[in-house]
Amino acid sequence: MDNGSLVTWILSFVMIINILLSAGFLFFERRDIGYTWAWLMVFYFIPILGFIIYLFLGRNLAKKNFFGLSAEESKYLQSTVDHQLATLKDQRENQNALLTKYADLIHMNLVSSNALMTTDNEIAIFNDGKQKFDSLFNDIRNAKKEVNIQYYIIQPDDLGTKLRDELTKKAKEGVKVRVLYDEIGSKRLSLKFFKELLSAGGEVEVFFPSLLRPINFRMNNRNHRKLCIIDGEIAYIGGFNVGNEYLGIDKKFGYWRDTHFRMKGGSVNQIQGRFLLDWKHARKHEQVSFDQFSFTTGGHAGSSPAQIVSSGPNSLVEHLKNMYIKLILNAKRSVYIQTPYFIPDSSFMDACKIALLSGVDVRIMIPNKPDHPFVYWATWAYAGELLNYGAKILLYENGFLHAKTIVVDEEVASVGTMNIDSRSFRLNFEVNAIVYDEQVAKQLQELFHEDSQLSTELTPERYKERSLIIKFKEGISRLFSSIL
């Protein structure tokens, strides 16, 4: 066989393999049509190598029993969901007007994400890193039985070291301590950092660890959750990670504006359950006993109804995105959103447009300080499109805005880890608390108004005056944002 024939044979072989792999992706991967087309283009223009990229960035994790629940565990969880569904159908048991008004949303979260409703929650709101970590460290120092910590990012800096040392002290006192972190998010971290904690009896696990440090086939699926549970009585959930920058002392970002809940009441059980399922997966499906999964809280805590809603690539349903869309479409007066990234898909954009065309006051606050330039310009492109429909776009100027909040009609609100982008919608493991309480919603809306005083408005005129270079950056960023 001469060289020309060999080259032709190799090219033909590569084309056939590429066609077969593309067909396999097309028929066996149930994905959004835009996402599917994006990957098919990668396969077409980068034969074979495109599939190597796909192994790292695009594989579908959705399967029926991702967290390895036993038959008994699955039956127990389903029975609790079925019991609450029956309760929700009996409106005579529901004396809360907001719960009646949002019964369909509660039902959707319950059926879709097993998000049980609890009505006895006490909620404190933190929007400052120093206050949040002062409170967390105080609660850790007072722990008597157990401390569970889960963060996307734990930096081995001053704050990360302080957290580790506080946990080590509790482990030496005989308190059960568990730490779970994401390897990609905490790329500067290693188990060596926790050597003393491990020696004291603490446990540390990595979510989706690499086979070899630079090679991680799950690098595109990050556990973005930030949860802390102390003694099954107190839980933290929200946007703050662990690092000096979250205290607002990083010169690059300046002041760090985020939102976090400290919760007591029945929702602590649900947050504990969320942590233990992630822990169970990291520990290779270690059995989790029901006494661990459902702590009994020590008496009545408060009166705020709430659900803890999770989403992730283990499901084909984008639970949190759907919750946001339903909230927006249910709005009668106002929708206030704070997000560091605004790169929604077409369904989310359509919901915003429908609300705006219906006369709803939609306000979206984004940072005017990029941490990722590519994402920053894509955010501008999508936010700018909504200006034509009457949205009010606010650019936060007092440092970096990292809060992930939505407040609807001053009566229902959500705080958690989900950004408004395709990564959070379908690639990351996320969790939010949704609270059906006017007092909490009004507090969050008041914080929004305070932040508005530290923001500038992106008007249609200002948006139109942007330079050709900025328009080019927006176009390129928006083009590639669907796949990244």
Side-chain angles (χ1 to χ4, degrees), residues 125 127 239 255 257-259 321 323-371 375-416 418-421 424 432 434 438 440-466 470-471 474 477-478 481:
I125 301 170
N127 65 330
Y255 183 73
R257 170 64 177 89
D258 219 318
T259 307
K321 184 193 79 171
M323 182 182 80
Y324 264 50
I325 287 175
K326 189 159 185 63
L327 277 169
I328 293 168
L329 293 178
N330 281 350
K332 298 295 186 293
R333 301 186 303 276
S334 61
V335 175
Y336 284 33
I337 293 172
Q338 288 180 307
T339 178
Y341 319 117
F342 188 74
I343 313 175
D345 61 11
S346 59
S347 62
F348 195 98
M349 284 290 282
D350 286 344
C352 291
K353 292 173 183 177
I354 290 170
L356 287 162
L357 291 170
S358 302
V360 175
D361 177 15
V362 177
R363 304 186 186 193
I364 301 170
M365 187 180 294
I366 56 178
N368 201 22
K369 179 187 287 288
D371 62 338
V375 175
Y376 176 76
W377 293 117
T379 292
W380 266 64
Y382 284 97
E385 183 178 337
L386 291 181
L387 287 172
N388 297 325
Y389 291 81
K392 187 170 185 177
I393 308 299
L394 298 166
L395 307 175
Y396 185 75
E397 305 284 359
N398 188 41
F400 186 69
L401 176 73
H402 192 249
K404 303 99 165 45
T405 68
I406 182 171
V407 183
V408 172
D409 290 345
E410 292 187 276
E411 57 189 18
V412 61
S414 179
V415 166
M418 189 189 76
N419 298 313
I420 298 178
D421 60 21
S424 276
N432 276 47
I434 180 169
E438 291 180 342
V440 173
K442 287 177 179 178
Q443 282 183 265
L444 288 167
Q445 186 150 315
E446 181 57 34
L447 287 174
F448 188 101
H449 287 308
E450 291 176 11
D451 293 330
S452 297
Q453 302 303 310
L454 302 170
S455 305
T456 58
E457 186 174 352
L458 179 61
T459 62
E461 293 74 24
R462 180 179 175 183
Y463 187 67
K464 289 177 183 177
E465 290 172 358
R466 67 200 193 284
I470 292 177
K471 291 179 181 179
E474 288 179 8
S477 299
R478 184 166 182 170
S481 62

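This structure is a prediction, so every number in the text was calculated from the model and none was measured.
- No option in Thr259, Asn127, Ile406 other than Thr259 meets the side chain to side chain contact (heavy atoms under 4.5 Å, CB included) test with Leu444.
- Across every non-hydrogen atom of Ala403 and Pro340, the tightest pair is O-CD, 3.4 Å.
- For the residue pair Val407 and Ala413, the shortest heavy atom distance occurs at CG2-CB, 4.0 Å.
- Taking every heavy atom of both residues into account, Ile343 and Ala378 meet most closely at CD1-CB, 3.8 Å.
- Within the structure, ring-ring contact (aromatic ring centres under 6.0 Å, His included) pairs that include any residue of residues 393-416 comprise Phe253-Phe400, Trp256-Phe400, Trp256-His402 (at least two apart or interchain).
- Atom CG of Asp451 is separated from atom CD of Glu397 by 12.0 Å, given to the nearest 0.5 angstrom.
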*I would like to know whether Tyr389 and Ile354 meet side-chain contact (heavy atoms from CB on, under 4.5 Å); could you show each step before the answer?*
CA-CA 9 Å; Tyr389 291 81; Ile354 290 170; over 6 Å; no
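- The shortest distance between side-chain heavy atoms of Ile434 and Leu327 falls below 4.5 Å.
- Residues satisfying the salt bridge (Lys or Arg N to Asp or Glu O under 4.0 Å) criterion with Lys326, sequence neighbours excluded, are Asp104.
- The line from CG of Asn432 to OG of Ser424 is 9.0 Å long, rounded to the nearest 0.5 Å.
- The one candidate from Leu394, Thr405, Leu395 that meets the side chain to side chain contact (heavy atoms under 4.5 Å, CB included) condition with Met365 is Leu394.
- Closest approach of Val408 and Ala331 over heavy atoms only: CG1-CB, 3.7 Å.
- Here the NZ atom belonging to Lys332 is positioned 9.0 Å from the CD atom belonging to Glu411, to the nearest 0.5 angstrom.
- For Lys321, the salt bridge (Lys or Arg N to Asp or Glu O under 4.0 Å) partners two or more places apart in sequence, or in a different chain, are Glu318, Asp345.
- By the 4.0 Å N-to-carboxylate-O rule, Arg462 lies too far from Glu457 to be salt-bridged with it.
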*Show your working on side-chain contact (heavy atoms from CB on, under 4.5 Å) between Gln338 and Leu401 and close with a plain yes or no.*
CA-CA 8 Å; Gln338 288 180 307; Leu401 176 73; 4.0 Å; yes
*Given Ile364 and Leu386, is the side-chain contact (heavy atoms from CB on, under 4.5 Å) satisfied, shown in steps?*
CA-CA 10 Å; Ile364 301 170; Leu386 291 181; 3.7 Å; yes
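- With 3.5 Å as the limit, one finds no donor-acceptor pair spanning the side chains of Arg363 and Ser452.
- With hydrogens and angles disregarded, a donor-acceptor distance shorter than 3.5 Å links the side chain of Thr379 to the backbone of Phe342.
- Atoms OG and CD1, on Ser347 and Ile325 in that order, are 3.5 Å from each other to the nearest 0.5 Å.
- To the nearest 0.5 Å, the span separating NZ on Lys353 from CG on Asn388 amounts to 9.0 Å.
- The two residues Ala383 and Ile366 come nearest to each other via the heavy atoms CB-CD1, 4.3 Å.
- Residues satisfying the salt bridge (Lys or Arg N to Asp or Glu O under 4.0 Å) test with Asp409, not counting sequence neighbours, are none.
- Of all heavy-atom pairs between Leu387 and Thr459, the closest is CD1-O, 3.9 Å.
- With rounding to the nearest 0.5 Å, the separation of NZ in Lys404 from CG in Asp258 is 6.0 Å.
- Legend: residues meeting ring-ring contact (aromatic ring centres under 6.0 Å, His included) with Tyr336, ordered by chain and number and at least two apart, are Phe448, His449.
- Partners of Asp350 by salt bridge (Lys or Arg N to Asp or Glu O under 4.0 Å), not counting sequence neighbours: none found.
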